[in-house]
Amino acid sequence: MLSRRELLTGGLAGAGGAVLATAPAAVADTQVTDGALLSYALQVEQTAVVVYEQVLAMPVLGRESRALLLEFLGHEREHVAALLSALQALGQAAPAPVSTARQARAVLAQHGLSVDFAKVHGLKDAITLLYDIEGLSQGAYYAAVGLLRSSRPLASAAQALACEAQHQALLTALLFPGEIKRSVPGAFVEGWQ
Amino acid sequence: VAATAGLGAVACGSSRPAPRFRVKPTKHVAAQDIGILNRLLDLEHEAIAAYEAGIPLLSESDQKVAEQFLRHELAHAGELAGLVKQAKGTPYKPRVAYPLGHPRTAQQTLELLHRLERAQIVSYLWALPRLSGGPVRAAAAAMLANEAQHIAMVRASLGQPSVPEAFVSGRE
């Protein structure tokens, strides 16, 4: 997979007034709980929903790309619902929801992404933003598959990871039709955090 | 890879923050995983055979796609063989022949590739909860996700919806 840095050119550091939060320290796997893994994935997925909604509200999409993004938004909402159910099954309370653009920006800032939705001016900007969030979702599910102790949410996490990988490939193909080395660059899809 | 987008909305710091959760690299692979990994390897060998045989039948644009996917399948086979060896097992070698049928057209070839990619997805999903170690599971999931990308592109070439479901099952 292309890294975010490989896909992006530089932008305006700190644009949009998003607060660059300090990244949480990595958690050793002996300390990781299933609830923490699923809560993290949920937070990223809820952010993805907000980002898709923001992008879909922008006048930058053609008919084909809008239809595709609407479909992908539906998938992200299904992932959110599944993660909420999985947390409930664990007896774990869901974390505070990410439901506004401001909250989504704060989550993205924790991953080194400073976002100003008002500065998304074209399809490239929009797709690149979505490419980033798909990579984050993949990273959350990849960690879940590798670290979950309980088997019940494992299959869903792997299936959602696979779906996010498909999203990312199709999004990239929108920008670079016919360039398969860009849309499906690598044999191992792990995303990033 | 060349940078692609003059993006004013997203900015990066000088380095990506450390990941919150780390899946440690595989050091130990359990002997009980050998059979599962070899089963996956056997399917990878079959897919490799199908791509190698089918590429000449495809359109020029689909040939480029299939050549890229063949490289991925070869990488998966190498990864799986390596994991089997780490478990002190013997990786399956490619069979002399596979029951690939007799595709004669691009459409038939794409349908064959679609069938084999589906079979791989189903097998990876079957394997995941049975594999004993988290890092081995993660490696399998990373390959599963790549197979899912393959099938999405193959489906697009077949004129089918590329991403029909929110949870990839290989049965869609």
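Proteins come first, then strands; the chains are lettered A, B, ... in the order of their sequence lines, and each starts at number 1.
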Practice problem: State, yes or no, whether a side-chain contact exists between B:Glu165 and A:Cys163 at a heavy-atom distance under 4.5 Å. | Solution: no
Quiz item: Do the non-hydrogen side-chain atoms of A:Phe188 and B:Asn146 ever get within less than 4.5 Å of each other?
Solution: no
Quiz item: How far does CD1 of A:Ile180 sit from NZ of B:Lys64, to the nearest 0.5 angstrom?
Solution: 11.5 Å
Quiz prompt | Approximate separation, where rounding is to 0.5 Å, of A:Leu147 CG and B:Lys24 NZ | solution = 9.5 Å
Quiz item: Where does A:Ala157 contact chain B at under 4.5 Å (heavy atoms): side chain, backbone, both or neither?
Solution: neither
Quiz item: What pair of heavy atoms forms the shortest contact from A:Ala158 to B:Leu125, and how long is it?
Solution: CB-CD2, 4.1 Å
Self-check item: Interface moiety of A:Tyr141 toward chain B, non-hydrogen atoms closer than 4.5 Å
Solution: neither
Self-check item: Test item: side-chain donor near acceptor, B:Arg20 and A:Gln110, under 3.5 Å
Solution: yes
Quiz item: What distance do B:Ser162 atom OG and A:Gln166 atom CD have between them, rounded to the nearest 0.5 Å?
Solution: 8.0 Å
Quiz item: What distance separates B:Phe167 CZ from A:Leu161 CG, expressed to the nearest 0.5 Å?
Solution: 12.0 Å
Quiz item: Is it true that a side-chain atom of A:Gln159 and a backbone atom of B:Val168 form a donor plus acceptor pair closer than 3.5 Å?
Solution: yes
Quiz item: What distance separates A:Leu170 CG from B:Met153 CE, expressed to the nearest 0.5 Å?
Solution: 5.0 Å
Quiz item: Within the distance-only criterion (no hydrogens, no angle test), does the side chain of B:Gln149 pair as donor or acceptor with the backbone N or O of A:Ala165 below 3.5 angstrom?
Solution: yes
Quiz item: Looking only at atom types and distance, does a side-chain atom of A:Gln193 sit under 3.5 Å from a main-chain N or O of B:Ala18, one as donor and one as acceptor?
Solution: no
Quiz item: Within residues 73-91 of chain A, which positions have a heavy-atom distance to chain B below 4.5 Å?
Solution: A:His75, A:Glu78, A:His79, A:Ala82
Exercise. Determine yes or no for a side-chain-to-main-chain donor-acceptor pair under 3.5 angstrom, with A:Glu190 supplying the side chain and B:Ala142 the backbone.
Key: no
